[in-house]
Every structure is written in C-alpha cells, then in structure tokens.
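Encoded as structure tokens, the structure appears first; notes follow it.
Per chain, numbering begins at 1; letters A, B, ... match sequence-line order.
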Protein chains: 2
Amino acid sequence: MYTIKEVAEKMDVSEHTLRFWAKSGFFPFVKRDQNNIRQFSEDDLAWVKIVKCLRSVGTENKAIKRYIDLCIIGDSTIPERYGIIQATKLKAEEQMKELQKQLDLLDYKEKFYQNLIKNNLKDSWNPMNNIQLEKAL
Amino acid sequence: MYTIKEVAEKMDVSEHTLRFWAKSGFFPFVKRDQNNIRQFSEDDLAWVKIVKCLRSVGTENKAIKRYIDLCIIGDSTIPERYGIIQATKLKAEEQMKELQKQLDLLDYKEKFYQNLIKNNLKDSWNPMNNIQLEKAL
DNA sequence: TTTGGTGCTTAGAGTTACTCTCAAGTTTGA
DNA sequence: TCAAACTTGAGAGTAACTCTAAGCACCAAA
C-alpha cells in the first residue's frame, strides 16, 4: 500500500495531479484507511499507469473517464475498449513520426550553428543576414 | 506571398493559432498589404516552421519569444541560440523514449484485448474479474 | 504536552496556450 | 448591387493543471 506521496514519486506524477485525477474519477478503487487517507494498491498503480499513458499521448480527460467507466461496466465493453486502444496507438504512432521530423529539424539547426561557430561568425555585421540564415530548411 | 489561411493549410496550424503566435511576437517580419492583411513570405514560413517545432516539443511560448528575440539581436547571440537548440534536442530525444514506452504499453494492451476477444470472453461474469485483468503490466 | 510533519477536504484563484465568437471592414463574383 | 467569402482585433471561454489556504485529524519526537 502506498500513500499519495509515494505514488507521486514512484510514478512521477505530482500529488496535485493525482488528487485532480482522483476527483475526476480516474481511480475508482482506491481504498481509504480509518483516517480517510488514500491507500493505493499495486492494482491502483496500474490504473495510474494507464491514465498516465493515455494523457501523455493527448487523450482528453473526458475520454479517459469514458474508458475507465467502460472498464467498470465489464466485459460487454471489451470491443469498444479495444477500439479505443487501437485508435490511441495509431495516434501515438503518428506523434512518433511527427516528433522524428522535429528531431531532424533540430539536428539540422544544431549543425547549422556548429558550422557558424566553427567559421568564427564571418559576415555577421548585419542582423538581417543572420535572419536570412535562420530561415534555412 | 501567402494569406494566413494559406499558411494555416500549408503548415497545418490553425489560423487562430497563427494569429495568437503573431500577437506573441513570433513572426516579427510579416508584412501587411494596403488593407492590413498579413502577407507571409517564404522566409516567414521558415519562422512558422521553427516555432511549430519548438512548440511541439513542449517549449514554452516565453522561451520561444526569447529565441526569436535572440535571432533578431544578431550574431552575438549565436552561442546562446546554439545552447537552446542543443537542450531542445535533448528534451525531444527524452520524449521519444517516453513515447516509445507508452507505445509499448498500448501494444501490450491491444494484444491483451485481442486475446480476450479471440477466446470469446470466458470468465467474464464478474466486473471485478475484468478489472483484475486490466491491471496487467 | 506541545510541536512538527503528513495527510485529508473544499473552495477558489492563477496559469498556459490555445480556441472560439463576434462585429466591422474589404473584396469579388453573379 | 448585393451577398458570399475573407480578414482583422478584441475579448470571452476552455482544458488541465497548479497552487494556496483554511480547517481538521493523526502520530511521533522533544
């Protein structure tokens, strides 16, 4: 059993966010002790994990709540949940491609500046000159 | 020369966002025609591209403005700009790893549901049963 | 026994980066 | 000439946190 603080550290999510998510109904099975303190089980950590996963690929909280609710309803919702996971995976793969593109651009920029520094900033008297160079790619 | 609508389509950024970015000072060289309509040049598109890149890896707008301002100042700021690009690239690489982790989890989940569907939902009488399975990974 | 640390709640303010609506002005095709 | 299609800036609205604060409970050390 873990306190909210321990979960925050373990899962790298802030306590504030965990409480916010809890209030949003993302952790329907977290128990409380006699002092009303949340006691996260290993099972609950798995819920945190999937919520974190869905959030990190841009799933809206409303849609996450929908997925959680489907899980609670039970096996009749398995096809819909499968669809959600498939769509989310596709979205994540798109993001992967997009991120790779941006990494390529950053890599180009990095080399561009390296070259500028290596050649000791000749032709550097005019700000616009630099901006012209900036436009590259 | 492109209107804001054309830029929006070409660069896949909404007109609203482009105006918001313009107001934030991200496109300091966009000219206007006699009716005050923005006229984006090819150079301006390059600025849109780098702004989009920085945003997509989570750079805050304040930091983007700083980078733009450094570009305008000129060559004396090249070392700082180089540092920013390097740091941004590192951050993007981290995000790549993180996204891959989440993709792995989604892939596991997908196979998990496929298996559930293939085996025709036996043992499915109890909602909790399903939740137990959900916790996997 | 008091003090410090941790945790709970509710409520509400603040933040970031959009996102959308709207009124007003301009241009253009039927 | 007039309606459709664009553009503009101002400003309201939204999502998802993020933080503060008040007020209370519990426990362990000094």
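What separates CD of B:Gln39 from P of D:dT7 is a distance of 11 Å, to the nearest Å. Going from atom NZ of B:Lys23 over to atom C1' of D:dG9 covers 7 Å, rounded to whole Å. When the C1' atom of C:dT19 is taken as reference, atom CZ of B:Arg19 falls 12 Å away, rounded to whole Å. Between the CE atom of A:Met1 and the C1' atom of C:dG7 there is a distance of 17 Å, given to the nearest Å. Atom CD of B:Gln34 and atom P of C:dG25 are 17 Å apart (whole Å). The distance from atom CD1 of B:Ile64 to atom P of C:dT16 is 13 Å, rounded to the nearest whole Å. The separation between A:Asn35 atom CG and C:dT9 atom P is 12 Å, rounded to whole Å. Spacing between atom NZ of B:Lys52 and atom P of C:dC18 amounts to 12 Å, rounded to whole angstrom units.
Residues passing the salt bridge (charged side-chain N to carboxylate O under 4.0 Å, His left out) test with B:Glu110 are A:Lys89, sequence neighbours excluded. In this view, B:Lys91 satisfies the salt bridge (charged side-chain N to carboxylate O under 4.0 Å, His left out) rule with no residue, not counting sequence neighbours. Listed by chain and residue number, B:Asp107 satisfy the salt bridge (charged side-chain N to carboxylate O under 4.0 Å, His left out) test with B:Lys111 (two or more places apart in sequence, or in another chain). Judged as a side chain to side chain contact (heavy atoms under 4.5 Å, CB included), and not counting sequence neighbours, the contacts of A:Met11 are A:Val7, A:Val13, A:Leu45, A:Val48, A:Lys49. With sequence neighbours left out, B:Glu94 forms a salt bridge (charged side-chain N to carboxylate O under 4.0 Å, His left out) with B:Lys97.
Residue B:Arg55 qualifies as enclosed at atom CZ: its count of foreign heavy atoms under 6.0 Å is above 12.
Across all strands shown, A:Arg32 has heavy atoms under 4.0 Å from sugar-phosphate atoms exclusively, and none from any base. Here B:Ser24 lies out of heavy-atom contact (under 4.0 Å) with every strand.
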Acceptor/donor pairs from residues 17-24 of chain B side chains to any protein atom, 3.5 angstrom cut, sequence neighbours excluded:
unit_1: B:Thr17; atom_1: OG1; unit_2: B:Ser14; atom_2: OG; d: 2.9
unit_1: B:Ser24; atom_1: OG; unit_2: B:Phe20; atom_2: O; d: 2.8

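Sorted by first and then second residue, the salt bridge (charged side-chain N to carboxylate O under 4.0 Å, His left out) pairs with a member in residues 26-41 of chain B form an empty list; sequence neighbours excluded.
Side-chain atoms of A:Arg38 lie closest to C:dC8 of the nucleotides C:dC8, D:dT7, D:dT8.
Within residues 5-12 of chain B, no residue places a heavy atom under 4.0 Å from DNA chain C.
Counting only distance, with no hydrogens or angles, the side chain of A:Gln102 and the backbone of A:Leu99 share no donor-acceptor pair below 3.5 Å.
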Report all interatomic pairs (protein N or O, nucleotide N or O of nucleotides 15-18 of chain D) with separations under 3.5 Å.
unit_1: D:dA16; atom_1: OP1; unit_2: A:Asn61; atom_2: N; d: 2.9
unit_1: D:dC17; atom_1: OP2; unit_2: A:Trp21; atom_2: NE1; d: 2.9
unit_1: D:dC17; atom_1: OP2; unit_2: A:Arg55; atom_2: NE; d: 3.2
unit_1: D:dC17; atom_1: OP2; unit_2: A:Asn61; atom_2: OD1; d: 3.3
unit_1: D:dC17; atom_1: OP2; unit_2: A:Asn61; atom_2: ND2; d: 3.2

